Each structure stands twice: as structure tokens, then as C-alpha cells.
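A short worksheet on the structure shown next.
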Amino acid sequence: MTLTKSDKILVTCGLPYSNGTAHIGHLRTYIPGDAYVRYLKRFGFDVRFVCGSDTHGAPIELAAEEAGITPQKLVEKYHAHFKNIFEILNIGVDFYGTTEAPYHYKRAQTIIRTLEENGYVEARDVELPYCNTCKTFLADRFLVGTCPYCGALARGDECDQGCQRYLDADQLIDPRCVICGSPAIKRKTRHHFLKLPAFTDFLIKFNEQLKGTPLARNYALGWIRQGLKDWGISRDLKWGIPYPGDEKLVLYVWAENYAGYISFTEEWARQTGADWKDYWIQGGKVVNFIGADIVYHHAVFWPAILKGVNYNTPYAIVASGMVKVEGHGLSKSRGFVIDIEEDFIKQGIDLDSVRYYILSYTGHTKDLDFVWKDFQSKLNNELVGILGNYAYRVLLFIHKNFKKIPEGTLETPVDKQIDEAVNKIHEAFHDFKFKEAVDATMQLAAYGNVLFQQCEPWKTIKLDLKQCQNDLYQCLQLLKAIAILIEPALPSIAERIWQQLGQKGSVHDTNVENCKEALKAGADLPKPEVLFTKIPDEAVDKLATGLNTRIESARSKAN
RNA sequence: AGCGGGGUGGGGUAGCCAGGAUAUCCCGCGGGGCUCAUAACCCCGAGAUCAAUAGUUCAAAUCUAUUCCCCGCUACCA
């Protein structure tokens, strides 16, 4: 079972949690997701891309409390932020929604109600921590106490200031309410549970035939084999989607956020006249891009829910490796973070080169360690030296000497190179190997440099004009193919090459078959501009120093 | 601790599932060339006991076992 041109394909990315700004970790799923969508489009597939903000849960309720604003205000702010950042990065979503919208509430509650009707949910009494002063049950994030391992002040879910271990709320010594400081007491209450074990056989079969990165599949299968247990889907929080039929509780975020994949499709369909059922009920191929840290939600909980309401389950789950900064796991509080707005946009970093770095520095399933020096080297050596240089030297040479596209016909060597690259790219993105796809395109540019060098047009222009023109024609046709094939990785740059080639329309509307569509001899060629500028050593040193300062000050603050 | 992923010249990376002769490619490094191009481009070269140990085999980076190291997850963080 592989994708065909008649499939209705829907791509989604893990929803960014709206309690903070966009950082490089988000890009690890959004950029490959977007590139994948663009590859599919260039190769003529029928694909849509939806995504949105995840707006509920304890951390947001708490962050709003601390900031002295309503959760609504908080999530609206970050929702707008993410939407904007993704636009600037050319993440070409068809719809960017939010889980704090009526269309989402409706879809999420309908799913839960249907699960209940189908007998997959059970209410059960449990004992949970309670604050007598605030008259509320305390989710783990609302508890503080002493860490049993290191003695630091810890939260109910994690020893965030001390040893960084994940904790169970029960392990905390002297648990207290985070709002008022009163000691937490145990009190009986009633919660709702999804009967996950009922889905065991289904989930094994589902994961065995699941496409995407093997990482996702193996991980989930291991988890399922260890035995599934009932899974709590309600929480004692004020902020969230009311639990249908038990409105003093809210739906657990992980029981409703990925319903956004459906609700966003519905809302997009409503606005455009499409049919969401094409994706979620009558066939359709859904591809989820996520980080490796949330595989079990997407390969275990979510497909179980979908199965429980008889909706279409994902075709593929594409899990990326994690992002590190200067060798450390991402951590805002410790300063190991690259913020998209502060560190890239405001510093004037070319965003297509960021896309390139994310896609081609390492394989999609491996951890990516962001180091400013490496970023510089990829940009200066590969984008400037290979791609930018090739485009510029060819276009400038022709512009200087002819002003227009010279006479010529595409000959076998170049024709063959293009075919090989197209095949390689096709295979690579079907296997979710984005680095391979991008590298194959860059190899085409490297080949172009060899070609230009060997033809020596600066000599032939004086000795054999006809030969010279035909050689340059080869170079131009190759550049046209490169523009189309690099579009998924570098959409802005591809468009600029397209325009510099004097082509009509937009490269975003091209198909891979246009690669070899003959260029019109005699058409005017505008004066080219360089595509990329190198980052000088001093600039990159400054950026690296800024990062180190951030890390240092975070460290001294912690001590 | 359990489960999953990974370890290949200085950095990154391909090859591993379906074992085969000089282990791929990019960057960096050394030498040469070109002069159209953003000191860019092209060619040649040096550099790796493929994490370790034991085993299977005519043959192991690749298969098996054990060990070490890194990362993620472990159901109330998302």
C-alpha cells in the first residue's frame, strides 16, 4: 500500500502548545512536514495540510494564573504568534486552527460521547490530592513539594529545579497546593477512563502495517506488548473543554487536542466547500508529523480513539529525532534554546537557509544538535558555494553576454542527471528521507558547477559561439530543474531563481514534469542577483556568544 | 530498572533489513588548476583497527551474544 495520485492525502504536524514562543524544536516537525507536502504537490499528488494551536491543559491554566491574565488571553497571544511565525517560514498550511474554537469543542465532545455510546468509557472512583482552601482537586502540575531523590523543591510531575527527574505526585514529600500553599489532602472523586485494553489487538495490527519512520512503529509495539491499561481522559481543571455530561470536569488535553486534526479539516472544508469525510471517514490517507517524544500518543491513544468512533486511522506517522542546542537537550529555563523570532528573524538570518539546515544537516530520525558554526558552514559552503554560485555564475554570464536565453537543445548527459535526481527524490520523500531528497537536488547543482567548468564558456564564447550557446542552454535548463526540485526545501529561493530565469507564473504551481520542458530561446533574462549572502565569522561568533551568555545567565540564576 | 532508537576518518553522513574485493558523500585539511562566479568553482591527495569483546562464515560495518556510552519514553508535562 503506497500513495497514489487518486488518494486524498492529509498531512498534519504536532500541535504547538500555546504557552510560549516558537523555537527550533517546533521547526523539526513543521519544516519537514511542509517540505513533504510541497514534494507531494510538485509530484502531482492531491494533498492538504492542516494544523493549529493546542490551547488547554494545566500548564496554560497555571501560566495564566502566574501572569495574572485569563487563559484565553494567553492562548490567543501565542496562537497569533505561531500562526505568524509559520507564515514567515513559508509553512504552507491550508488551515491553521486552534483547539479553543467552537468547531473544535463540538468535534472533541462528539468523539467522547460516541466513545461512551460505544461502551469504551467507564467512570470510576479515585482518590486525588485536594486543596481545602481553594476547594479544588489538584492536578500534578498544581502540586509542589520536596523531591524524594534530591530534596529540591519539585512540582508534582517533575523535579524541574533539581534533578530533572519525572515524578509521580505520590512521591512528593509534603505535597502542597501551588496556588495557596495549603497542604494537599486525599479526597475521593470520580473520573472517566478509556478502556484501552479493548483495543490491544487492533493496535498491534495497526502498528504493524503503519507507514512512516520505523521509530514510531517499533516504539509503539513495545509499549503495547507490555500491556495496556485504562487511561484517564478527564481532569479537575477550570480551563479546558467541558467533559460532556459531567461538566465539572474537563477533557484531558491528550484526549482532545489531536481531535484538532479532524476539527481543523472540518473547518477548512466548511470554508472551501470541500468534504472533511473524504479524509476521515471514506478512505483518505492521513500522515502525522510529530516529534519522537509524543509517539505513544499518536501510535497508541489516538488510533484507539479513532477506532472507537469508526474514523479513519493514520496512514503514516513520521517521528523526528529530538533537537539539541550546543550538545544539550532543549531547555528554556537552562538557556539551551533557539527562539525563532529573537534568534533568527530579528537577527536577519535567511529563513530558507534555516529550512535547509533543518532538512539536510542530519537524517530526520536522528537527533539534531544545533551549533551556530555548523549552521554557518552549511550556509556558506553549500548554499552560497554550490547552489547560489551555480545560479549566479550561469545567469550573470548569459546576462552579460547575450541578455537572453541562448539557442540550444537539451542533451543526454544533463537530461540523464535530471531524470536520476527526480527518481532519487521521489523515492526519498516516499520513505520520509528528506535529507536524501535535498542532497540529491544539491548534487544537481554541484554537477552544474562541474559542467560549467568543463565547458569553459568564457573560452568558447571567443572560439565557437554556437557551442558556447548550446552549453549555456544545458546549464540553464539544469537550473530550471533545480528551481522546481529545490522548491519544497527552499520555497522563497526557488521562486527567485524562477523569476531570474524569466519564467512566467510561480514555481509553487509547477509540476516535476516542467523540469525538462524546453526553455524558450530568445526570451529576455533579467539581471541576476545573488541568492544567498555568507554569514561572516564575526557575525556567527556574536550569535554563538549571545547563546553562551544566555546559558551562563540561566546557570547563575539557578544557583 | 523496563521498553524503543542510536554509536562509521576532526564534524556531519551513506551503506546494515536481503554479508563479498580499494567503506560513500558533504565540510574541514594538504597540493595543483581555472579565472565566468559571492577568495566562489574544478581536479588530485592524506586521514577510519566501522564503540568494545566473543562467535557464525571461505568472507562481517552488515548476522548472533555479551558489555560500554548517548538520547527518548514509562500512562496526571505537553
Side-chain angles (χ1 to χ4, degrees), chain A residues 14-20 54 56-60 62 126 128-129 137-143 155-158 160 166-170 191 194 196 213-226 228-232 234-237 252-254 257 291-297 300-301 319 321-322 324 327 329 360-363 365-369 371 373-374 377-378 380-382 384-386 388-398 400-401 433 435-436 439 442-443 446 448-459 461 472 475 528 530-534:
Chain A
L15 310 182
Y17 196 58
S18 10
N19 71 337
D54 182 11
H56 300 129
I60 283 174
L62 210 52
V126 283
L128 289 176
F137 282 95
L138 300 168
D140 286 3
R141 263 286 170 105
F142 282 78
L143 284 169
R155 304 192 309 217
D157 58 341
E158 181 191 0
D160 59 327
Y166 285 107
L167 303 175
D168 278 337
D170 290 341
H191 271 285
L194 178 71
L196 262 190
T213 51
L215 176 74
R217 183 171 47 245
N218 295 340
Y219 178 90
L221 284 169
W223 228 66
I224 297 160
R225 288 202 192 96
Q226 283 177 57
L228 296 170
K229 30 186 188 178
D230 291 351
W231 181 54
S234 55
R235 291 289 183 276
D236 289 294
L237 293 170
Y252 177 38
V253 259
W254 278 118
N257 58 6
D293 53 340
I294 54 173
V295 164
Y296 73 93
H297 294 100
V300 180
F301 299 157
M322 303 309 288
K324 295 193 283 184
S360 76
Y361 186 71
T362 187
T365 56
K366 296 204 174 187
D367 287 353
L368 179 149
D369 188 12
V371 177
K373 273 276 169 202
D374 292 341
S377 136
K378 290 289 275 188
N380 290 2
N381 297 320
E382 296 174 29
V384 176
I386 298 172
N389 180 244
Y390 177 64
Y392 192 59
R393 73 196 294 203
V394 170
L395 290 166
L396 188 67
F397 188 89
I398 297 172
K400 268 193 199 160
N401 296 293
K433 292 183 172 169
K435 178 178 166 54
E436 273 183 26
D439 284 353
M442 290 301 281
Q443 269 166 34
N449 278 316
V450 177
L451 185 69
F452 195 93
Q453 186 81 20
Q454 286 174 347
C455 294
E456 300 184 310
W458 58 89
K459 282 187 188 163
I461 195 166
L472 290 169
C475 293
V530 296
L531 298 173
F532 301 94
T533 330
K534 282 191 176 185

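None of the values given here were measured: they were computed from a predicted structure.
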For nucleotides 70-72 of chain B, which of its nitrogen or oxygen atoms have a protein nitrogen or oxygen under 3.5 Å away, and what is each distance?
unit_1 : atom_1 : unit_2 : atom_2 : d
B:rC71 : O2'    : A:D367 : OD2    : 2.9

Practice task
Can you run through RNA chain B from 5' to 3' and write each base as (, ), [, ], | or . depending on how it pairs? Watson-Crick or G-U wobble, both distances under 3.5 Å.
Solution key: ((((((((.[[[..)....(....]]].(((((.......))))).....[[[[[..)....]]]]])))))))....

[X]: side-chain hydrogen bond (donor to acceptor under 3.5 Å, both in side chains) partners, not counting sequence neighbours:
X: A:D230; answer: A:R124
X: A:Q226; answer: none
X: A:D439; answer: A:K435

Practice task
Using the test salt bridge (charged side-chain N to carboxylate O under 4.0 Å, His left out), find all partners of A:K324 that sit at least two apart in sequence or belong to another chain.
Solution key: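 A:K324 satisfies salt bridge (charged side-chain N to carboxylate O under 4.0 Å, His left out) with no other residue.
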
Handout entry: Non-neighbouring partners of A:K400 that pass salt bridge (charged side-chain N to carboxylate O under 4.0 Å, His left out), sequence neighbours left out
Key =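 A:K400: no salt bridge (charged side-chain N to carboxylate O under 4.0 Å, His left out) contacts found.
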
Handout entry: Sequence-distant partners of A:P59, side chain to side chain contact (heavy atoms under 4.5 Å, CB included), two or more places apart
Key =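 So A:P59 forms a side chain to side chain contact (heavy atoms under 4.5 Å, CB included) with A:Y17, A:N19, A:R141.
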
Exercise for the section: State which residues pass side chain to side chain contact (heavy atoms under 4.5 Å, CB included) with A:D374; sequence neighbours excluded, sorted by chain then number. Expected result: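 Side chain to side chain contact (heavy atoms under 4.5 Å, CB included) check on A:D374 returns A:Y357, A:Y361, A:V371.
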
Practice task
Name all residues meeting the ring-ring contact (aromatic ring centres under 6.0 Å, His included) criterion together with A:H191; count only those two or more places apart in sequence or in a different chain, and write none if there are none.
Solution key: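 A:H191 satisfies ring-ring contact (aromatic ring centres under 6.0 Å, His included) with no residue once adjacent residues are dropped.
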
Using distance only, find each side-chain donor-acceptor pair of residues 215-223 of chain A under 3.5 Å and give its atom names and separation, not counting sequence neighbours.
unit_1 : atom_1 : unit_2 : atom_2 : d
A:R217 : NH1    : A:L210 : O      : 2.5

Fill in the blank from the handout: In 5'-to-3' order, the base (B), backbone-only (S) or no-contact (-) status of each nucleotide in nucleotides 27-34 of chain B, using a 4.0 angstrom heavy-atom cut-off, is SS----BS

